[in-house]
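If you're wondering where the values come from, they're calculated on a predicted model, not measured in any experiment.
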Amino acid sequence: MEFYGESPQYTIPTKVAPSDKNFTSRVDQIVVASIERYMWGKGFDKRSAYWEKTRSGGLGEKDDYVRVTFPDGSGKGGGIVTYQGNFFSYEIHHDYRADFDTIRNNVTYECKPLKNYPNEEAMGGVVTTLLQIRDDLSVSDARTVVGNALLVIQGADELIKGGNYYQFMTNVANALPSVIQLLSDLVDCMRSAVESNKRAVCNFTFDIGPAMDRLVEELKDHGDSISLSNLLAVARWTLTQLGASASAGPVGWAKIAVDSVIGAVNIIEYAADRQAAVASGIGWGIDAGPEAVRSLLTSRSKESSLSGALFDAEEQIAIFLNSTSKLVNDRSKSYDFHPVAIKGHASGLDIEDLESLRSLADEAFPDVSSGLRDAANRMAGLGYSSAFSRDWSIGRGTNGISVELNALGDFVISSLNAVADEVENVGYSLHDFVNDVERTEQDSAAALARAANDQSPQAVRVVSNSRYSSKYQRELG
């Protein structure tokens with residue numbers, strides 16, 4: 001069996017590229033089957049080399065008959081009329097070749113979007129990069145630059161004891177890992193959305209070839225309704241909460257839009273149930289074949305088509321991302337490091353190891369800042385356009401979920417850069433403090449107060465509910 005994408009086992013290997021030869025052959029077979037259906041609807045019987053109508057309705061008619069030649073295997077040519085007698089005056093003068101050309105052109109046009117779908121390999125690259133960024137922002141992994149530096153910073157209470165400096169460094173050591181972990185969770189949320197989208201695309205591309213083959217057989221059966229059993233991938237979801245308040249395990253959801261206000265940052269996982277793709281009232285006219293392709297394969301407005309099933313999955317992923325953006329905006333202060341200024345005079349200052357404190361200022365804080373900026377730069381370089389672009393008819397259209405993904409990604413980038421600037425300022429201030437440690441605590445507090453240069457991240461762009469399909473607009477209220 002030929003496939004146009006990956007196997008839906010979700011091991012996610014490299015992309016299997018479509019074969020132009022196999023795809024073209026399948027389109028040709030749909031054209032031929034559509035012409036055959038059309039001629040059957042016109043009352044012709046199929047013979048060995050032509051279609052035939054006879055006055056008696058049986059074989060061997062010699063006085064009154066009309067015959068129309070077959071097209072070739074690609075649906076080209078044919079349509080030549082021969083006849084005996086004048087009983088079939090309409091058929092004798094009808095241009096069947098023009099009808100065959102119309103069917104061939106329209107079927108080819110309707111099938112064309114099936115060759116232009118999202119790039120699974122590029123989507124896999126986005127998933128890999130987001131996964132790496134998530135891991136590099138781990139606050140508890142000493143193997144990463146950021147994780148190792150944070151462990152050093154969290155040991156600052158062993159270097160400074162008592163006074164405003166001690167309190168300040170304690171606040172930094174507690175607040176900074178929390179903010180970075182929240183940003184890491186958002187990256188993981190985005191990663192899960194892209195991976196879920198990739199799996200939905202994987203199902204779509206895997207099903208194209210078998211669906212085209214089945215459609216050929218169904219068109220030849222001449223039924224008014226066409227059903228492609230077990231070829232429609234209907235999405236279902238599992239949400240797993242992230243963070244300190246995470247629930248004990250994953251929660252299964254039938255439709256993401258059922259509960260549009262998500263109470264915590266989650267990761268989403270796609271799976272699919274198989275149903276029949278059904279098109280009713282196709283008929284036997286000149287548009288029957290093209291209409292069958294639209295209704296069962298390429299129309300994103302029809303839930304029973306392959307493209308419609310992908311649209312529904314992508315629409316729910318987009319709503320999931322947009323709901324997360326709303327949540328982030330409601331809790332924006334949680335994503336802001338916001339170092340607090342030191343005021344007044346404190347007593348009891350005790351420096352245990354001045355050189356270790358200098359190393360903290362000159363190495364640990366710069367390492368965190370550098371790691372955050374590196375993550376932001378890699379986020380900014382993600383190729384969403386090449387990953388999600390496709391024909392307008394496929395799934396959610398030209399850009400898929402990239403609008404909602406970009407909105408959340410821009411917030412993460414802004415937040416990473418803002419926290420990096422704040423961490424850098426803390427490092428500079430601590431460096432100045434170390435250089436001036438011989439001065440009174442009150443004097444050197446002025447240097448450390450520069451750490452209060454707060455750099456708030458931008459708000460997330462939340463998409464209006466009017467952007468989504470009418471079905472989900474009703475659910476979203």
Is the backbone N or O of [Y] less than 3.5 Å from a side-chain atom of [X], with the two atoms forming a donor-acceptor pair by type?
{"X": "R390", "Y": "F388", "value": "yes"}
{"X": "S389", "Y": "N399", "value": "no"}
{"X": "S192", "Y": "C189", "value": "yes"}
{"X": "D72", "Y": "K76", "value": "yes"}
{"X": "S184", "Y": "I180", "value": "no"}
{"X": "S304", "Y": "V278", "value": "yes"}
{"X": "S393", "Y": "P113", "value": "no"}
{"X": "R378", "Y": "L130", "value": "no"}
{"X": "N417", "Y": "I413", "value": "yes"}
{"X": "N406", "Y": "S402", "value": "yes"}

Could you tell me whether [X] and [Y] make a salt bridge, using a distance below 4.0 angstrom between a side-chain N and a carboxylate O?
{"X": "D28", "Y": "R104", "answer": "no"}
{"X": "R191", "Y": "D188", "answer": "yes"}
{"X": "R97", "Y": "D101", "answer": "no"}
{"X": "R214", "Y": "E217", "answer": "no"}
{"X": "R300", "Y": "E314", "answer": "no"}

Heavy-atom side-chain proximity of [X] to [Y] below 4.5 angstrom:
{"X": "E269", "Y": "T240", "value": "no"}
{"X": "E36", "Y": "M39", "value": "no"}
{"X": "E195", "Y": "L131", "value": "no"}
{"X": "V145", "Y": "D136", "value": "no"}
{"X": "K46", "Y": "K220", "value": "no"}
{"X": "I226", "Y": "L296", "value": "yes"}
{"X": "N116", "Y": "I394", "value": "no"}
{"X": "L176", "Y": "V419", "value": "yes"}

Is it true that [Y] and [X] share a donor-acceptor pair across their side chains at a distance under 3.5 Å?
{"X": "Y38", "Y": "D99", "result": "yes"}
{"X": "Q181", "Y": "D185", "result": "yes"}
{"X": "S301", "Y": "S299", "result": "yes"}
{"X": "S138", "Y": "R143", "result": "no"}

### Message
Going by the rule side chain to side chain contact (heavy atoms under 4.5 Å, CB included), which residues pair with W40 if we only count those two or more places apart in sequence or in a different chain?
### Response
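Residues passing side chain to side chain contact (heavy atoms under 4.5 Å, CB included) with W40: H222, W284.
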
### Task
Can you sort out the partners of K112 under side chain to side chain donor-acceptor pair (under 3.5 Å), two or more places apart, ordered by chain and number?
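Scan of K112 (side chain to side chain donor-acceptor pair (under 3.5 Å), adjacent residues dropped) gives none.
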
### Query
Are Y65 and Y50 an aromatic pair by the rule of ring centers under 6.0 Å?
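Ring centroids of Y65 and Y50 are no less than 6.0 Å from each other.
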
Check: residues 84-93 side-chain donor-acceptor pairs under 3.5 Å, at least two apart:
{"from": "Y90", "atom 1": "OH", "to": "H94", "atom 2": "ND1", "distance (Å)": "3.1"}
{"from": "E91", "atom 1": "OE2", "to": "K53", "atom 2": "NZ", "distance (Å)": "2.7"}
{"from": "H93", "atom 1": "ND1", "to": "S89", "atom 2": "O", "distance (Å)": "2.9"}

### Message
If you apply the rule side-chain contact (heavy atoms from CB on, under 4.5 Å), what do you find for N266 with T324, and how did you get there?
### Response
CA-CA 8 Å; N266 289 263; T324 303; over 6 Å; no

